[in-house]
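Heads up, the thing below is written out as structure tokens.
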Amino acid sequence: MIGYLSGKIKFIFGEEIILDVNGVGYRISVNPAGLQIGAAAEFFVHTAVREDAINLYGFKTREAFELFENLLTVSGVGAKSALAIVSKISVAEFTAAVVNQDLTALVKLPGVGKKSAQRILLELKDKIKNISAESETFAQGFIPAPKSSAVDEATEALSALGYTSAEISSVFKRAPKNSTTEQLIKFALKELNKF
């Protein structure tokens with residue numbers, strides 16, 4: 001079972017990409033926002049095996065991956081619906097909606113009707129603490145301060161991929177000045193993974 005892939009984006013087809021991993025192309029369903037052909041990319045991967053197909057669903061952060069897998073445990077929520085939900089709402093916003101039992105916030109999501117939203121709220125309210133550390137902060141009633149600078153945002157993204165603060169700060173010291181969040185992440189991934 002595939003749980004993680006790292007490579008370069010070869011093609012983008014709507015909500016699917018072909019990720020070139022050492023010459024092998026993996027077709028992955030993803031949230032395509034911010035992805036570019038030729039860019040280095042890493043994904044936490046959920047492998048869905050059916051009689052007629054093996055489908056891969058990719059996520060840029062561990063938190064989004066865990067939210068997706070939690071959604072799959074809800075009766076009536078399939079992989080495509082779960083991916084659409086994760087693509088349209090942040091983990092923190094979703095967690096807040098479940099903690100506050102906010103039906104209205106969930107009904108606004110694609111493919112989620114009132115009954116589906118009620119099932120999600122009921123079935124995930126006890127599991128929500130397992131979604132992420134950021135989510136636990138929400139569950140305790142604290143809202144994380146927004147990340148304002150490119151360095152903060154890039155650090156958060158790289159931390160979610162498992163890199164340590166020491167590794168990240170060391171790489172950022174060599175990064176070009178005035179880089180955007182995306183440029184910092186790309187630079188760091190190239191340095192840390194020798195893409």
Side-chain angles (χ1 to χ4, degrees), residues 1-50 52-72 74 77-97 105-113 116-117 120 131-132 134-135 146-147 150 152-163 179-193 195:
M1 185 164 307
I2 297 170
Y4 168 85
L5 287 170
S6 175
K8 289 190 178 179
I9 299 171
K10 195 77 172 174
F11 302 102
I12 299 176
F13 308 102
E15 294 186 351
E16 290 187 329
I17 62 164
I18 300 292
L19 187 70
D20 182 342
V21 181
N22 298 322
V24 178
Y26 291 87
R27 189 170 188 146
I28 310 171
S29 295
V30 297
N31 173 6
L35 299 181
Q36 294 179 342
I37 292 174
E42 297 179 303
F43 296 97
F44 292 92
V45 176
H46 172 85
T47 306
V49 180
R50 298 192 329 226
D52 58 343
I54 297 174
N55 297 311
L56 303 178
Y57 297 88
F59 305 91
K60 297 175 197 169
T61 67
R62 185 176 56 84
E63 291 82 7
F65 169 75
E66 290 174 355
L67 173 55
F68 175 84
E69 295 216 315
N70 272 295
L71 282 165
L72 291 182
V74 177
V77 177
K80 287 186 178 179
S81 297
L83 179 62
I85 291 169
V86 173
S87 297
K88 295 294 180 188
I89 190 170
S90 73
V91 174
E93 290 169 333
F94 181 88
T95 301
L106 297 186
V107 172
K108 292 177 184 175
L109 296 171
V112 179
S116 296
I120 290 170
I131 291 178
S132 71
E134 180 183 27
S135 300
K147 298 289 182 184
D152 288 339
E153 290 173 356
T155 299
E156 184 177 12
L158 292 165
S159 295
L161 293 173
Y163 295 104
S179 296
T180 64
T181 302
E182 187 177 44
Q183 289 168 338
L184 282 171
I185 293 171
K186 284 182 182 177
F187 179 82
L189 291 175
K190 283 179 185 174
E191 291 293 305
L192 292 165
N193 296 305
F195 275 111

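Only this structure's heavy atoms are used, side chains among them; waters, hydrogens and symmetry mates stay out.
- Contact annotation: the side chain of Ile120 approaches that of Ile85 to within less than 4.5 Å [non-hydrogen atoms, C-beta and beyond].
- Every residue meeting the side-chain contact (heavy atoms from CB on, under 4.5 Å) condition with Ala53, not counting sequence neighbours, appears here in chain and number order: Arg50, Asn55.
- With contacts defined as side-chain heavy-atom distances shorter than 4.5 Å, the pair Phe94/Leu106 qualifies.
- The line from CG of Leu5 to OH of Tyr26 is 6.0 Å long, rounded to the nearest 0.5 Å.
- In this structure, the side-chain contact (heavy atoms from CB on, under 4.5 Å) partners of Phe44, at least two apart in sequence or on a different chain, are Arg62, Phe65, Leu161.
- How far CD1 of Ile28 is from CD1 of Ile17: 4.5 Å, rounded to the nearest 0.5 Å.
- The side-chain contact (heavy atoms from CB on, under 4.5 Å) search around Thr47 returns Met1, Ile2, Val45, Val49, Ile54, Leu56, not counting sequence neighbours.
- Taking CG from Leu19 and NZ from Lys10, the interatomic distance works out to 11.0 Å, rounded to the nearest 0.5 Å.
- Here Glu69 pairs with His46 under the side chain to side chain donor-acceptor pair (under 3.5 Å) rule; sequence neighbours left out.
- With sequence neighbours excluded, no residue satisfies side chain to side chain donor-acceptor pair (under 3.5 Å) with Thr155.
- No side-chain heavy atom of Leu184 sits under 4.5 Å from any side-chain heavy atom of Thr180.
- For Phe43, there are no ring pair (Phe, Tyr, Trp, His ring centres under 6.0 Å) partners at least two apart in sequence or on another chain.
- Cation-pi check for Arg27 over Phe13 is met; the charged atom lies under 6.0 angstrom from the ring centroid and within 45 degrees of its normal.
- Other residues, nucleotides and ligands contribute at most 12 non-hydrogen atoms within 6.0 Å of the CZ atom of Phe11.
- Between Leu109 and Ile89 the shortest side-chain heavy-atom distance falls below 4.5 Å.
- Applying the side chain to side chain donor-acceptor pair (under 3.5 Å) rule to Glu182 yields no partners; only residues at least two apart in sequence or on another chain are considered.
- For Lys186, the side chain to side chain donor-acceptor pair (under 3.5 Å) partners at least two apart in sequence or on another chain are Gln36.
- Residues meeting the side-chain contact (heavy atoms from CB on, under 4.5 Å) test with Ser29, sequence neighbours left out: Glu16, Tyr57, Leu83.
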